[in-house]
K.L.:
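Sharing a structure below in structure tokens format, with a few things to ask.
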There are 2 protein chains.
Amino acid sequence: MPGKKKDLIDLSSTLPDIWRMLTDGERDQLRGNARIIHFKKNELIYLEDETPRDLMCLFKGKVKIFKSGVGGRSQIIRIIRPVQYFGYRAYFAREPYVTAASAFESCTVCMIPMELIEQFLRNNGDLALFFIQMLSVDLGIADQRVVNLTQKHVRGRLAESLIFLKESYGLEEDGATINIYLAREDLANLSNMTTSNAIRTLSNFVNERVITIDGRKIKIIDEDRLRKISRIG
Amino acid sequence: MPGKKKDLIDLSSTLPDIWRMLTDGERDQLRGNARIIHFKKNELIYLEDETPRDLMCLFKGKVKIFKSGVGGRSQIIRIIRPVQYFGYRAYFAREPYVTAASAFESCTVCMIPMELIEQFLRNNGDLALFFIQMLSVDLGIADQRVVNLTQKHVRGRLAESLIFLKESYGLEEDGATINIYLAREDLANLSNMTTSNAIRTLSNFVNERVITIDGRKIKIIDEDRLRKISRIG
DNA sequence: ATATATTTGTGTTTTAGAACATAGTTCTAT
DNA sequence: ATAGAACTATGTTCTAAAACACAAATATAT
């Protein structure tokens, strides 16, 4: 496991959801066991087939959860933004990781041993329901994603990804540029298409004046139209 | 909501997982609130956009969970066998159903109000972890499914579905015939392909002596080869 | 700073699988 | 028992997207 530096961070403000549900004793235990780890851009956070040990909470940065499929072709399964939890599903399922995680950009992650979390939630209905709700929401998204990725055409899938990125990471100060710096290849892996198709379709969107591109910076010009392209597939 | 007849059933033997984790008082409450409902072949159990109210446990029969996508094209998301729970995800996510469920064949379903289940698991760590684990396993399957459905070719997807059906519902007495009676259209909706392609590919498998077909009855002749087709995609 | 690798962009070719057409077959309902 | 509907089968055509090929532009390492 890479990453090194240890910081002093106020967990009560950075782990808002979980912190709120704990007793004072549990909070002490948490403080004693949580570790803050930094990851550099493109550094791997965990790998497929590894044994899950920690609940991870992304404090800063952007993370992709991905999976390698037929012939090693990579598919981005979901992306994480601050402050979201990840890395816990496989532990709860009593399985090794079936996905891998890596840092899109420099990241700060809080790691909490899953044994501790499991122990907490066994006696804390609110915390249990917090995880049940997160898993339930993610499962609904995954079900929707199966349909979108298999039934929509390239244009629809790319449009959907752009909207998804905008809603996940927001816009820069200009109110139009999507606040993430992604290679065409990542955009393709997110949208289940080849890199060529991502590039080509992006160019088409530019010609249609739906977006503009400046290197990797993508500016949304006509969001309504983009949403329409996504909707009709 | 259709279905009508009420039966006397021994819940302790039909709800083994949950029953085991409850106190005597909770068991009484469960007995007082559980309803047994029958569904005829092809009858709808719940619909997309409805409000989820009950945890459902399939006692007898086969159920498909499906979703309609672009242009109303249907995709089977998962299938349920006895004794499995379903219908609870949307309630926990505080959403309306994003899928629909219908009976592949005549079914017996036990319905338990979700409020009761939520109340139980707030004070019962084992029960909470039971749901957390089910959701976690299903989410892992969904993640895997995204990759399989998008990256494998028609042959690989159909081979995978046949193996999946065999593992879900088992074989008949001859030790080869898959124990489910499915229309080609359902097989197609399960494997993300058109009905024509399911028919054609099934014929190819017959010519290659991997399976034999007799109407809707599918017999697996060469499981190793079928698995290989599924694996290489 | 310069070389090397990686990413981006575009044109061309190939192909898997959808769409369509039509006919035979099997259910299902009255 | 029979008519109509739904399902199965197969051939043909069409098209979206993958695969391939190469050039230009950026990024990265020495």
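Letters A, B, ... mirror the listed sequences (proteins, then strands); counts begin at 1.
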K.L.:
What string of B, S and - do you get for nucleotides 24-30 of chain C, 5' to 3', if B is base contact, S is sugar-phosphate-only contact and - is no contact with any protein heavy atom under 4.0 Å?
P.N.:
---S---

K.L.:
Which parts of residues 63-77 of chain A get close to DNA chain D, meaning a heavy atom less than 4.0 angstrom away?
P.N.:
none

K.L.:
Scan for salt bridge (charged side-chain N to carboxylate O under 4.0 Å, His left out) pairs involving residues 162-181 of chain B, sequence neighbours excluded, and state none if there are none.
P.N.:
B/K166-B/E223, B/E167-B/R227, B/E172-B/K217, B/D174-B/K219

K.L.:
Check the distance between C/dT8's C1' and A/L182's CG and give it to me in whole angstrom.
P.N.:
15 Å

K.L.:
Strictly distance-based, threshold 3.5 Å: is any side-chain N or O of A/K67 a donor or acceptor partner for the main-chain N or O of A/V98?
P.N.:
yes

K.L.:
Tell me which donor-acceptor pairs under 3.5 Å the side chains of residues 71-80 of chain A have, and how far apart each pair is, sequence neighbours excluded?
P.N.:
unit_1: A/R73; atom_1: NH2; unit_2: A/N192; atom_2: OD1; d: 2.9
unit_1: A/Q75; atom_1: NE2; unit_2: A/N189; atom_2: O; d: 3.1
unit_1: A/R78; atom_1: NH2; unit_2: B/D143; atom_2: OD2; d: 2.8

K.L.:
Not counting sequence neighbours, list each pair that qualifies as a ring-ring contact (aromatic ring centres under 6.0 Å, His included) and has a residue in residues 153-173 of chain B.
P.N.:
none

K.L.:
Please check: side-chain N/O of B/S203 versus main-chain N/O of B/I199, any donor-acceptor pairing under 3.5 Å?
P.N.:
yes

K.L.:
Which residue, A/K62, A/R81, A/K41, forms the salt bridge (charged side-chain N to carboxylate O under 4.0 Å, His left out) with A/E105?
P.N.:
A/K62

K.L.:
Suppose the criterion is salt bridge (charged side-chain N to carboxylate O under 4.0 Å, His left out): which pairs have a residue in residues 182-192 of chain A, not counting sequence neighbours?
P.N.:
A/K64-A/D186

K.L.:
For A/Q144 and A/N148, which I'm curious about, is there any donor-acceptor pair between the side chains at under 3.5 Å?
P.N.:
yes

K.L.:
Calculate the interatomic distance between A/E185 atom CD and D/dA18 atom P; express it in whole Å.
P.N.:
14 Å

K.L.:
Flag the pair A/E160 and A/R231 as a salt bridge only when some basic side-chain nitrogen lies within less than 4.0 angstrom of an acidic carboxylate oxygen.
P.N.:
no

K.L.:
Going by the ring-ring contact (aromatic ring centres under 6.0 Å, His included) test, which pairs reach into residues 74-96 of chain A, not counting sequence neighbours?
P.N.:
A/Y85-A/F130, A/Y88-A/F131, A/F92-A/F131

K.L.:
Taking B/V70's backbone N and O only, do any of them form a donor-acceptor pair with A/K152's side chain (distance below 3.5 Å, no angle check)?
P.N.:
no

K.L.:
Could you go through nucleotides 10-15 of chain D and list every protein N or O atom that sits under 3.5 Å from one of its N or O atoms, giving the distance for each pair?
P.N.:
unit_1: D/dT10; atom_1: OP2; unit_2: B/S203; atom_2: OG; d: 3.1
unit_1: D/dG11; atom_1: N7; unit_2: B/R200; atom_2: NH1; d: 3.3
unit_1: D/dG11; atom_1: O6; unit_2: B/R200; atom_2: NH2; d: 3.0

K.L.:
Among residues at least two apart in sequence or on other chains, which ones pass side chain to side chain donor-acceptor pair (under 3.5 Å) with A/E95?
P.N.:
A/R89

K.L.:
Does any N or O in the side chain of B/E43 come within less than 3.5 Å of the main-chain N or O of B/K40, such that one atom is a donor and the other an acceptor?
P.N.:
yes

K.L.:
Taking OP1 and OP2 of C/dA18, is either one under 4.0 Å from a side-chain nitrogen or oxygen of B/N197?
P.N.:
yes

K.L.:
Note down the inter-axis angle between the two ends of the helix from C/dA1-D/dT30 to C/dT30-D/dA1, five pairs each, to the nearest 10°.
P.N.:
60°

K.L.:
Apply side chain to side chain contact (heavy atoms under 4.5 Å, CB included) to residues B/K60 and B/C107 and explain how you reach the verdict.
P.N.:
CA-CA 5 Å; B/K60 201 175 70 58; B/C107 285; over 6 Å; no

K.L.:
Where along residues 146-164 of chain B does a heavy atom fall under 4.0 Å from DNA chain D?
P.N.:
none

K.L.:
Applying ring-ring contact (aromatic ring centres under 6.0 Å, His included), can you list everything that pairs with B/Y97, at least two apart in sequence or on another chain?
P.N.:
B/Y46

